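Predicted, not measured: the structure shown is a model, and the values here were computed from it.
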Amino acid sequence: MGYTFDQELLILSSHYINQMKIKRLSLVVFGLFVSLYSVANEIDSLKNAALIKSDPRELGRIYSRLGWLHIVSDPTSAEAYIDSALDNYESAGDSAGIANSWYRCGVLNRFIGNYNEAAEFMNQNLRYYQSKNDTQRVINSMYQKGVIYSLQGRYNKSLEAYFSILDSYQQLGDSTSMGFTLNSIGIVFKNMEDNEEAEDAVLRAIEIHESLNDEENLANAFGNLGSLYSLIGKLDKAMENYQKAKEIDKRLGILWGEAINDMNIGYSLMRLGRYDEALPYLLAAEEVQQSNEYLGDLAETKANLGMAYLERSELMNAERTLESGLLIEEKSMAVHAKLLEGLASLYDEKKDYASAAEARKELLLVRDSIYRESNSKLANALAAEYGLDQKERQLAGKDKVIEEQVDAIDKFRRERLLAMGVGGLALCLAIVLVLLYVQQKRIKKRDIQNLVKQKEIASLESYIQGEENERTR
C-alpha cells in the first residue's frame, strides 16, 4: 500500500522521534535525578541542622532557605518556614534577616497570586535597603515590584519600575541585566498592545545579549520576539525567532525551553493551515513535557495537538489527546477553554450532539469565568491604584499640614519683622519730626530776631531822616 507525501512525512517524523526518545529520556531522567537528589539532600541537611541549632540567627537562615526551596513545590510549607525565619530574626533583632524574610514573603505571595500582599512585603524590603543605600538589593526589590505590577495589570507602574531599574543598571555598567530588563519591558509593552515599543525593547535586548554571547537570556528574548510577531500575525517571523530560541535551548540542554518553542512553532504552522508540518513539532514538545511532568505546558500542547489531529480527521487520536489534556490541566482557564472547544468540535464530527452540547455548556462557564477573572484583575488593578492614590493623598495631606505650619511660621516671622520695621520707621519718623520741630523753632526765632532788627533799623532810619529834614528846613 502506497503512502501520500504527508503520510510519509509523518512516518519519518515518528521514526525520528522514536530514535531520539531513548537518548532524550535518559538525559532527562539523569538530569532530573541529579537535580532532585541535590535539592532533597539540601532540604534533609537543613532540617537536621534546625534540630541541633539554638542560635536564632542561624535558625532564621535555615528556615529562610527551607522556605525558598519550597516556594514552587509546596507554597504552604514555604510560608510556614519563612514565618519561622521571620520569628527567629525578630527574636535576634537581626534587621537584615527580617528584610530578607520580607523579600521572600513577597516572592511567595506573588507566586500564589496574592499580589497586594506581595507588593506590601516588597515595599517594606525596599524601604529597608534604601535606608542602607544597598543599590543591588534595591534593584532586586524594584524588579519584583515591576513583575507584581505587571501581573496586577498595572502596566504603567510596571514600566516605571523597570525603567528605573534600567537606569540603575546603566549607571552600574551591568549590560546583562540591562538586556533582561529590556526584555521584561518588551513583555509589558506587548501586554499593553504597544507593539512598536515592544519590538524596539526586545530587539535592543537581543543586541545586548548577542554582544555578550549571553545565550540563555538571548533564547528568552528570541522566544519573546516570536511571541510578539505571533500576536500581530507575522507568523513566518515568529517561527524564525522560535527556531533561534529552540536551537540555543537545545545547545544549553534547557529541555522545557526547547519544548515550548517546538509547541509554538507547531501552533504557528497550524494557524497557517499546515497541520501535517505542525504535527512533528507538537509531538516532540509533548514527549519532553510528559517525560518531565511540565503539566501546565503539556496541557496546552495537548490542546494544540488535539486540534491538529482533528483537522487531519484522526478522531480517535484527537479525542484521546484532548481528554488527557483536560485531566492534567489545572491552572489556565484559557487552555481549559481551548480543550473544551476542541472536544465540542470533535463530538460534532462524530455526530455526538449531546456530548457536544455538554462540552459547549462547560465551555460557556469557563469563558464566563475568564471574563469575570479579567474584570476582577481590572478591578484589583484599579483598587490597587486607588489604594496607592489614597496613600499619596495621605502623604500629600501630611505635606500640606507641614506646609501650612511652615507658612504659619513664615507669616509670624514676617509679621514680627513688619512690626519691627513699622516700629523702627515710627521711631525714625518721630525723630525726624522732632528735628523738624526744633529746626522750625530755630528758624522762627531767627525770623523774629531779624524782624526786630529790621524794625529797629527802620526806626533808626526814620529818626535819621527826621533829623536830616529838620536840619535842612
Side-chain angles (χ1 to χ4, degrees), residues 113 151 187 190-191 193 223-224 226-235 238-239 242 256-257 259-290 292-350 352-377:
L151 291 169
I187 292 170
K190 182 179 69 175
N191 291 335
E193 299 181 4
N224 188 21
S227 175
L228 173 63
Y229 287 140
S230 176
L231 187 67
I232 60 180
K234 297 181 178 180
L235 296 177
M239 288 189 289
Y242 288 143
W256 68 267
I260 282 287
N261 287 302
D262 271 332
M263 181 188 72
N264 286 332
I265 294 170
Y267 182 59
S268 298
L269 288 166
M270 286 175 62
R271 289 174 63 189
L272 291 169
R274 295 156 61 181
Y275 298 101
D276 294 335
E277 294 175 65
L279 204 61
Y281 290 101
L282 295 172
L283 287 168
E286 182 189 40
E287 174 65 29
V288 173
Q289 290 162 352
Q290 198 156 294
N292 291 276
E293 297 187 357
Y294 302 145
L295 299 184
D297 296 337
L298 178 60
E300 186 174 1
T301 297
K302 283 183 177 292
N304 293 327
L305 183 57
M307 293 300 295
Y309 280 136
L310 186 60
E311 291 293 334
R312 289 167 51 88
S313 299
E314 297 183 33
L315 301 187
M316 289 183 62
N317 283 337
E319 186 171 12
R320 171 182 53 79
T321 303
L322 292 169
E323 287 182 346
S324 64
L326 277 177
L327 290 174
I328 61 173
E329 196 289 310
E330 294 180 350
K331 293 183 178 179
S332 173
M333 284 189 288
V335 173
H336 198 113
K338 199 171 185 179
L339 288 161
L340 287 169
E341 188 175 7
L343 279 173
S345 299
L346 170 72
Y347 294 138
D348 283 338
E349 287 289 322
K350 294 175 67 175
D352 184 354
Y353 299 118
S355 297
E358 282 297 315
R360 287 196 170 87
K361 181 180 176 181
E362 190 177 348
L363 177 59
L364 284 173
L365 292 173
V366 173
R367 283 178 174 167
D368 183 59
S369 297
I370 293 171
Y371 176 75
R372 282 188 279 107
E373 182 183 14
S374 177
N375 284 349
S376 175
K377 183 176 180 180

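Nearest approach of A344 to A356, heavy atoms of both residues: O-CB, 3.8 Å. Contact detail for L310 and S345: the closest heavy-atom pair is CD2-CB, 3.7 Å. Nearest heavy-atom pair across L326 and L343 is CD1-CD1, 3.2 Å. Pairing each heavy atom of G306 with each of A318, the nearest pair is O-CB, 3.5 Å. The two residues A285 and D262 have their closest heavy-atom pair at CB-CB, 3.9 Å. Closest heavy-atom contact between A308 and L282: CB-CD1, 4.1 Å.
Counting only distance, with no hydrogens or angles, the side chain of D368 and the backbone of L364 share no donor-acceptor pair below 3.5 Å.
Side-chain atoms of L235 and S230, non-hydrogen and from C-beta on, do get closer than 4.5 Å to each other. Using a 4.5 Å heavy-atom threshold, the side chains of M239 and L272 count as touching. At a threshold of 4.5 Å between non-hydrogen side-chain atoms, the residues L305 and L279 count as touching. Using a 4.5 Å cut-off on side-chain heavy atoms (C-beta onward), T321 and Y309 make contact. Within the 4.5 Å cutoff, the side chain of R360 has heavy atoms near those of the D348 side chain.
Residues passing the salt bridge (Lys or Arg N to Asp or Glu O under 4.0 Å) test with R367, sequence neighbours excluded: E341. The side chain to side chain donor-acceptor pair (under 3.5 Å) search around E358 returns none, not counting sequence neighbours. Under the rule for a side chain to side chain contact (heavy atoms under 4.5 Å, CB included), the partners of E311 that lie at least two apart in sequence or sit in another chain are Y275. Residues passing the salt bridge (Lys or Arg N to Asp or Glu O under 4.0 Å) test with R320, sequence neighbours excluded: none. Remark: E349 pairs with no residue by the side chain to side chain donor-acceptor pair (under 3.5 Å) rule, at least two apart or across chains.
Checking S268 against R274 by side-chain atom types alone, no donor-acceptor pair falls below 3.5 Å.
Distance check: Q290 CD to S324 OG gives 7.5 Å after rounding to the nearest 0.5 Å. Taken from CG in L298 to CE in M263, the straight-line distance is 10.0 Å, to the nearest 0.5 Å. For the atom pair CD1 of I265 and CD1 of I260, the computed distance is 11.5 Å after rounding to the nearest 0.5 Å. Between L340 atom CG and M333 atom CE the span is 12.5 Å, to the nearest 0.5 Å. The CG atom of L269 sits 11.5 Å away from atom CG of N304, with the distance rounded to the nearest 0.5 Å. With rounding to the nearest 0.5 angstrom, the CD1 atom of I328 is 8.5 Å from the CD atom of Q289.
A cation-pi contact, defined as under 6.0 Å to the ring centre and within 45° of the axis, is absent between K190 and Y229.
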>> Before you tell me yes or no, could you show the steps for W256 and V288 under side chain to side chain contact (heavy atoms under 4.5 Å, CB included), namely the whole-Å CA-CA distance, both residues' side-chain angles and the distance that decides it to 0.1 Å?
In response: CA-CA 7 Å; W256 68 267; V288 173; over 6 Å; no
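Evaluation of the salt bridge (charged side-chain N to carboxylate O under 4.0 Å, His left out) test over residues 294-310, restricted to residues two or more places apart or in two chains, returns E286-K302.
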